[in-house]
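Residue numbers count from 1 along this sequence. All values below were derived from every heavy atom in this structure, side-chain atoms included, with hydrogens, water molecules and symmetry-related copies excluded.
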Amino acid sequence: MEKDGQLILEDGTRLFGRRFGAERRQLAELVFNTSPVGYQEIVSDPSYTDQAVVMAYPLIGNYGVAAEDFETETPTIGALIVRDCCDAPSNFRSAETLPAMMRRFGIPGLSGVDTRKLVRHIREKGCCRALLAESALPLEEGLALLESYAPPHDAVARVSRKEIVTYPAAEEKFRVAAVDCGMKQNLVRRMNALGCTVMALPWDTAAETVEALRPDGIFLSNGPGDPSDAAPVVALVRALRGKYPMFGVCLGHQIIALACGGRTYKLKFGHRGGNHPVRELASGRIEITSQNHSYAVDAASLSGTPLRVTHLNLLDGTVEGMESPADRLMSVQYHPESAPGPQDSGYLFGRFLKMMEAK
C-alpha cells in the first residue's frame with residue numbers, strides 16, 4: 001500500500017507510513033508504550049491527552065474494540081503510531097475495528113513505521129514534539145509548524161467532567177469523593193465492586209462542596225500533563241488534608257506531593273507500559289505494575305514534609321508510593337486498577353477501605 005502519511009520530529013527525523021483512523025494533521029508530544037495488549041484502554045485513557053503514542057509491540061488492533069473496555073466516553077489521545085495495524089480482528093467481544101473507532105473519534109494514526117527505531121530515538125533523546133501529516137508536506141513546512149507548537153497547559157481542565165456524577169455501588173459500604181483529573185473508568189468500576197459509591201467531581205471543585213457531600217474518603221485520579229497545572233486540586237488537598245482519608249494515583253500521587261511541600265520533575269521519556277517492577281519498602285514485596293506518566297516526585301524534596309516513601313521503582317529508583325499515616329494519606333505513581341496490566345496492586349484499594357473503616 002502507498003505510504004501516504006509521515007511523522008516529522010522536531011530534530012528533523014522523518015518517517016513515512018500509511019495513515020489510518022482520522023486522516024488529519026496532528027501536533028503532539030511523542031511518547032512510547034511497551035504494553036503488548038490493551039491498546040483500546042491506552043487510546044481511551046485521558047492521561048494521553050495531546051500525546052502521540054508509539055506502540056513498541058508490533059501488532060496492534062488484532063482483537064478489535066469492545067464497547068465495555070473504554071476508559072472514557074470521548075478519547076483525547078493525540079495520535080497512535082504502530083508497526084502493523086490489523087483491520088480484520090478476531091475476537092468474539094469485538095464490536096468495531098481499531099481504525100473505525102479512531103475515525104469515529106477523529107484520532108489520526110500511522111502504520112508501517114519502524115517503531116523500534118522510534119522507541120530507541122525517544123529513549124536516547126527524550127520525548128519530543130512531533131507532527132503527523134500527509135506525505136506530501138515538505139519537511140521545512142513541517143519543522144516550521146513544530147517550531148511554533150507549544151504543548152497546552154489546560155489538559156486537565158479539558159478532560160475533567162463539568163458536573164458531579166454519582167456511580168452507586170450495588171451494596172454501598174462507603175461514599176468516595178473522586179476528583180476527576182482525567183479519571184479512567186476502571187477506577188470507578190473497581191471501587192464500585194468493593195462497595196464504594198463514587199461521587200465523581202470536576203477538577204476545580206471547592207473544598208466546601210466536597211465537605212457538603214459528607215464523603216468517607218477522597219480519591220485523586222490519574223490525568224494528563226504537568227501536575228503544577230492542576231493548582232485547584234493542589235489547593236483542595238491542602239484544605240482537606242487530615243480531615244478525610246485520601247488515596248491518589250498517578251497524577252493524584254504527584255498532586256499530593258505538591259500539596260505537602262514536595263516537588264515534581266519531568267522524566268526523560270516517562271514510564272508507559274505494563275511491566276514496571278516496584279518494591280514495597282516495608283514488606284520487600286515486588287509488584288509488576290501498569291504505568292503511564294511523564295512526571296515523577298523528587299525524593300529529596302520530601303524531606304521536611306509529612307510524607308514518607310513507601311514504594312520505589314526498581315528500574316530507575318524513582319518514587320512510586322508515599323504515605324502520611326497521621327494525615328491518612330496514601331498514594332502510588334502507578335495504576336492499581338490494572339486496565340490494562342497485571343493485578344499485583346489491587347491490595348491498595350483494600351488499604352484505602354481500611355482507612356475509611358477506621359474513620
Side-chain angles (χ1 to χ4, degrees), residues 18-22 32-49 51-112 115 159 161 165 167-170 178 180 182-196 198 200 221-222 249-250 272-276 288-292 334-346 349:
R18 296 178 293 276
R19 292 199 285 182
F20 68 97
F32 69 84
N33 188 297
T34 59
S35 295
V37 295
Y39 53 79
Q40 181 181 346
E41 291 89 341
I42 290 166
V43 169
S44 60
D45 181 350
S47 295
Y48 287 108
T49 299
Q51 293 180 329
V53 181
V54 180
M55 297 299 294
Y57 189 74
L59 180 60
I60 301 298
N62 53 310
Y63 56 84
V65 170
E68 58 269 34
D69 290 348
F70 282 97
E71 293 299 330
T72 187
E73 291 182 1
T74 306
T76 51
I77 189 174
L80 189 68
I81 316 296
V82 305
R83 178 67 184 87
D84 294 306
C85 179
C86 176
D87 59 3
S90 177
N91 187 332
F92 74 97
R93 296 177 68 244
S94 176
E96 189 176 19
T97 68
L98 176 63
M101 183 267 278
M102 289 173 58
R103 283 195 298 272
R104 183 159 59 89
F105 289 110
I107 303 167
L110 191 68
S111 67
T115 50
V159 300
R161 66 192 66 239
V165 178
Y167 299 91
D180 177 13
M183 183 164 57
K184 294 175 69 177
Q185 197 59 30
N186 206 48
L187 286 163
V188 176
R189 298 184 193 111
R190 288 295 297 271
M191 287 191 281
N192 278 168
L194 292 169
C196 298
V198 177
S221 84
N222 65 293
V249 302
C250 202
R272 295 175 183 87
N275 62 344
H276 286 253
I288 303 302
T289 67
S290 176
Q291 304 208 6
N292 167 23
Y334 47 95
H335 287 252
E337 83 287 350
S338 309
Q343 300 183 14
D344 300 23
S345 309
F349 290 106

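Nearest approach of Gly274 to Pro342, heavy atoms of both residues: O-CD, 3.1 Å. Closest of all the heavy-atom pairs between Tyr334 and Ser345 is CE1-OG, 3.1 Å. Among all heavy-atom pairs drawn from Ala79 and Ile107, the shortest one is CA-CG2, 4.3 Å. When all heavy atoms are compared, the tightest approach of Ile288 to Asn275 is CG2-CA, 3.5 Å. Listed here is the closest heavy atom pair of Pro340 and Glu41: CD-CB, 3.6 Å. Summarising the geometry of Gln185 relative to Tyr167, their closest heavy-atom pair is NE2-CE2, 3.6 Å, with the distance given to 0.1 Å.
Contact annotation: the side chain of Phe105 approaches that of Pro75 to within less than 4.5 Å [non-hydrogen atoms, C-beta and beyond]. Side-chain contact between Leu110 and Val82: absent, with no pair of heavy atoms (C-beta onward) separated by less than 4.5 Å. Between Arg161 and Met183, some side-chain heavy-atom pair lies under the 4.5 Å cut-off. At least one side-chain heavy atom of Ile77 sits less than 4.5 Å from a side-chain heavy atom of Val53.
Tyr39 places a side-chain N or O within donor-acceptor distance of the main-chain N or O of Gly64, the cut-off being under 3.5 Å. Judged by distance alone, the side chain of Asn62 and the main-chain N or O of Cys86 form no donor-acceptor pair under 3.5 Å. Put simply, the side chain of Asn222 gets close to the backbone of Lys184: a donor and an acceptor are under 3.5 Å apart. Ser44 contributes no side-chain N or O that, together with a main-chain N or O of Phe70, makes up a donor-acceptor pair within less than 3.5 Å. The backbone N or O of Ala66 lies less than 3.5 Å from a partner atom in the side chain of Gln40, making a donor-acceptor pair.
The distance from atom NE2 of His276 to atom OG1 of Thr289, rounded to the nearest 0.5 Å, is 6.5 Å. Interatomic distance, OG of Ser338 versus CZ of Arg190, reported as 5.5 Å (0.5 Å rounding). The structure places CG of Leu80 at 6.5 Å from CE of Met55, a figure rounded to the nearest 0.5 Å. One distance of note links CG of Asn292 with CZ of Arg272; it measures 5.5 Å at 0.5 Å rounding. Of the inter-residue distances, the one linking Leu187 atom CG with Phe349 atom CZ reads 5.0 Å to the nearest 0.5 angstrom. Once rounded to the nearest 0.5 Å, the distance linking CD of Gln51 with CZ of Phe32 reads 12.0 Å.
For the residue pair Asn186 / Arg189, a side-chain donor-acceptor distance below 3.5 Å is found, with atom types taken as modelled.
Listed by first and then second residue, the side-chain hydrogen bond (donor to acceptor under 3.5 Å, both in side chains) pairs involving residues 103-112 are Glu96-Arg104 (not counting sequence neighbours). Screening residues 75-89 for side-chain hydrogen bond (donor to acceptor under 3.5 Å, both in side chains) gives Thr49-Thr76 as the qualifying pairs, with residues at least two apart or on separate chains.
A salt bridge links Arg93 and Glu68; the closest N-O separation between the charged side-chain nitrogens and carboxylate oxygens is under 4.0 Å.
Under the side-chain hydrogen bond (donor to acceptor under 3.5 Å, both in side chains) criterion, Asn33 pairs with Ser35, Tyr48, sequence neighbours left out.
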